Protein chains: 2
Amino acid sequence: MGVVSETTRQSTVRDRLLAAAVEKLEASGPEALQARPLAADIGASTMAVYTHFGGMPQLLDEVTREGFARFDAELARVPRSDDTIADLLALGIAYRQFALDNPQLYRLMFGLTTPGTRRAKERDLTTEGSPTSVSEGISAFNHLVDAVTRAAESGRIQAEDPVAVAGQIWSAAHGYVLLEITGVFGHEGHGLVRTLQPLIINLLVGLGDTREGIEASLATVFDAGGAARRRSPERR
Amino acid sequence: MGVVSETTRQSTVRDRLLAAAVEKLEASGPEALQARPLAADIGASTMAVYTHFGGMPQLLDEVTREGFARFDAELARVPRSDDTIADLLALGIAYRQFALDNPQLYRLMFGLTTPGTRRAKERDLTTEGSPTSVSEGISAFNHLVDAVTRAAESGRIQAEDPVAVAGQIWSAAHGYVLLEITGVFGHEGHGLVRTLQPLIINLLVGLGDTREGIEASLATVFDAGGAARRRSPERR
DNA sequence: TACCTGTGAATAACAACGTTATGGGAGGAC
DNA sequence: GTCCTCCCATAACGTTGTTATTCACAGGTA
């Protein structure tokens with residue numbers, strides 16, 4: 001389980017098909033995920049989709065699962081430090097970065113997109129995140145729950161119910177990111193400094209931390225590497 | 001402009017087609033919006049879609065526009081009182097209620113769903129909210145900006161840039177509502193009291209109001225009518 | 001009344017999609 | 001060698017969005 005063709009030595013037809021689907025999704029949108037063009041991309045016939053996946057819906061489920069695996073891996077790369085609020089902010093930045101780097105994948109992951117596969121078997125909204133991808137989604141969410149728990153334990157914020165608090169932060173980040181993806185915040189950067197940063201700061205203030213403390217933690221996040229990503233515990 | 005067949009006396013083919021599309025979207029999902037079944041529903045031939053709309057994409061644009069018009073009308077029904085924070089909370093409740101009552105329409109409005117129309121002409125993400133529906137969307141958003149502006153003028157919160165603050169609240173509500181629609185918060189009601197209410201309260205605390213004041217305002221909102229909707233400015 | 005014009009709708013056809021049935025060919029088991 | 005079992009290519013079927021063609025009918029003019 002994990003990133004495409006991580007275990008297999010040579011690319012199998014199935015792996016190449018899945019990789020081509022992920023790439024094509026981001027390049028041309030969900031409606032471009034069609035059986036015939038996809039198979040043609042890897043030099044195979046349409047039947048490959050059915051022998052390896054069973055059909056387009058199952059292939060899309062695998063794309064979703066792959067997306068959650070990548071998302072999980074990306075969030076796992078965010079380091080942990082003594083500054084629990086800085087860690088939380090870094091997690092939020094990584095969250096946004098992944099969504100901005102993979103907008104189509106992000107929307108597909110959260111069941112917000114219904115690709116061409118029109119003969120889909122009446123997907124239910126509540127079960128849309130296909131069962132196979134649920135575990136990966138929970139794993140990604142747990143990074144946030146852990147960060148909230150540690151922030152609460154450090155005394156910076158109050159979180160009797162860390163899962164509920166993580167749900168609040170998740171809602172805020174999810175909503176912001178989707179609005180930014182759809183372009184409502186205009187050109188690059190304005191949304192981040194005018195909306196996401198104040199939103200998270202205000203939320204953390206409401207959760208008990210001080211504005212000064214948050215801004216100090218935010219400064220350390222941006223100090224460490226310019227691109228707002230601290231790759232390893234020690235400074236590079 | 002507005003709700004379907006608001007001006008025309010007798011239902012035209014176009015109006016019936018649009019109304020059937022909106023109804024069918026909510027009943028059977030975006031992939032059910034197909035030219036032939038839709039035309040058959042109103043007893044017409046497929047050509048009606050093309051003579052009146054030009055094609056399925058344009059019909060979907062009209063559905064989106066209609067959705068924003070209804071959303072705007074629903075938000076406009078939220079009354080204004082002396083308690084500006086209560087008004088803001090009531091607006092949030094109405095926002096959530098509309099999304100929960102019309103989940104498919106809500107997702108289509110925000111470009112988060114890509115219905116069957118597979119031959120779509122390469123929609124761009126940034127321009128996905130079709131131009132015709134932009135004005136209605138802005139109108140709906142302005143209700144929130146107004147409420148924030150009034151709350152700032154009343155001194156309850158600090159909002160130097162009301163549009164930016166409205167964007168923060170919008171992000172939080174949008175993200176929560178989408179997560180609730182996809183079912184991540186479990187069964188009815190838990191998400192609201194465990195996530196949305198604390199989220200908005202914490203955010204408003206971060207914006208300068210006191211927790212006690214917010215909870216008092218929230219109580220007045222729920223007092224006035226049980227269903228959390230105050231129909232007229234004066235208390236009933 | 002007779003005639004022209006234009007708009008709207010039905011019929012039929014076309015290309016492309018997801019899917020399924022059929023058949024062939026490569027690689028191991030005995 | 002012979003058989004068995006997967007994969008995969010080919011071809012077909014039903015359905016989709018779309019377009020071309022044709023027809024019907026309402027309204028104005030002589």
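Each chain gets a letter, A, B and so on, in the order the sequences are listed, and its residues count up from 1. Note that these values count all heavy atoms, side chains included, but never hydrogens, waters or copies made by symmetry. Computed from a prediction, not measured in an experiment: that's the story for all the values here.
- With sequence neighbours left out, B:Ala147 forms a side chain to side chain contact (heavy atoms under 4.5 Å, CB included) with B:Leu88, B:Leu91.
- Under the 4.5 Å side-chain criterion, counting only non-hydrogen atoms from C-beta, A:Leu25 is in contact with A:Leu105.
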side-chain contact (heavy atoms from CB on, under 4.5 Å) assessment of A:Thr195 paired with A:Leu179: CA-CA 11 Å; A:Thr195 305; A:Leu179 291 179; over 6 Å; no
Steps toward side-chain contact (heavy atoms from CB on, under 4.5 Å) verdict (A:Leu144, A:Phe141): CA-CA 5 Å; A:Leu144 183 55; A:Phe141 178 60; 4.3 Å; yes
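- From one end of the helix from C:dT1-D:dA30 to C:dC30-D:dG1 to the other, with five pairs defining each end axis, the axis direction shifts by 20° (rounded to 10°).
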Using the 3.5 Å cut-off, write out each protein N or O paired with an N or O of nucleotides 23-25 of chain C and the distance between them.
none

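- Atom-to-atom, CD1 of B:Ile42 to C1' of C:dA9 comes out at 11 Å; the value is rounded to the nearest Å.
- Within the 4.5 Å cutoff, no side-chain heavy atoms of B:Phe98 are placed close to those of B:Leu75.
- The CG-P distance, from A:Leu38 to C:dA16, rounds to 17 Å in whole Å.
- Within the 4.5 Å cutoff, side-chain heavy atoms of A:Tyr106 are placed close to those of A:His174.
- Note on ring orientation: taking the six-membered ring where Trp is involved, the planes of B:Phe68 and B:Phe110 are perpendicular (angle over 60°, cut-offs 30° and 60°).
- Along DNA chain C, the nucleotide nearest A:Gly54 and the nucleotide nearest A:Pro37 are compared for position; the residue whose nucleotide lies closer to the 5' end is A:Pro37.
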Quiz: residues 48-56 of chain B side-chain donor-acceptor pairs under 3.5 angstrom, not counting sequence neighbours:
from: B:Thr51; atom 1: OG1; to: B:Met47; atom 2: O; distance (Å): 3.3
from: B:Thr51; atom 1: OG1; to: B:Ala48; atom 2: O; distance (Å): 3.2

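- The shortest side-chain heavy-atom distance between A:Ile200 and A:Tyr176 does not fall under the 4.5 Å cut-off.
- Taking A:Asp146 as the reference, A:Arg80 meet the side chain to side chain contact (heavy atoms under 4.5 Å, CB included) condition, with sequence neighbours excluded.
- Atom CD of B:Gln34 and atom C1' of D:dT18 are 14 Å apart (whole Å).
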N/O to N/O distances under 3.5 Å, protein versus nucleotides 4-13 of chain D:
from: D:dC8; atom 1: OP2; to: A:His52; atom 2: NE2; distance (Å): 2.3
from: D:dA9; atom 1: OP2; to: A:Ser45; atom 2: N; distance (Å): 2.5
from: D:dA9; atom 1: OP2; to: A:Ser45; atom 2: OG; distance (Å): 2.6

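- Straight-line distance from the CD atom of A:Gln58 to the C1' atom of C:dG18: 12 Å, rounded to whole Å.
- If you take OH of B:Tyr50 and C1' of D:dT18, they are 4 Å apart, rounded to a whole angstrom.
- Rounding to whole angstrom units, CG of residue A:Leu33 and C1' of C:dC17 are separated by 14 Å.
- Rounded to an integer number of Å, the gap from A:Phe53 CZ to C:dG18 P is 14 Å.
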B:Phe71 vs B:Asn102, side-chain contact (heavy atoms from CB on, under 4.5 Å): CA-CA, chis, key distance, verdict: CA-CA 10 Å; B:Phe71 191 38; B:Asn102 312 278; over 6 Å; no
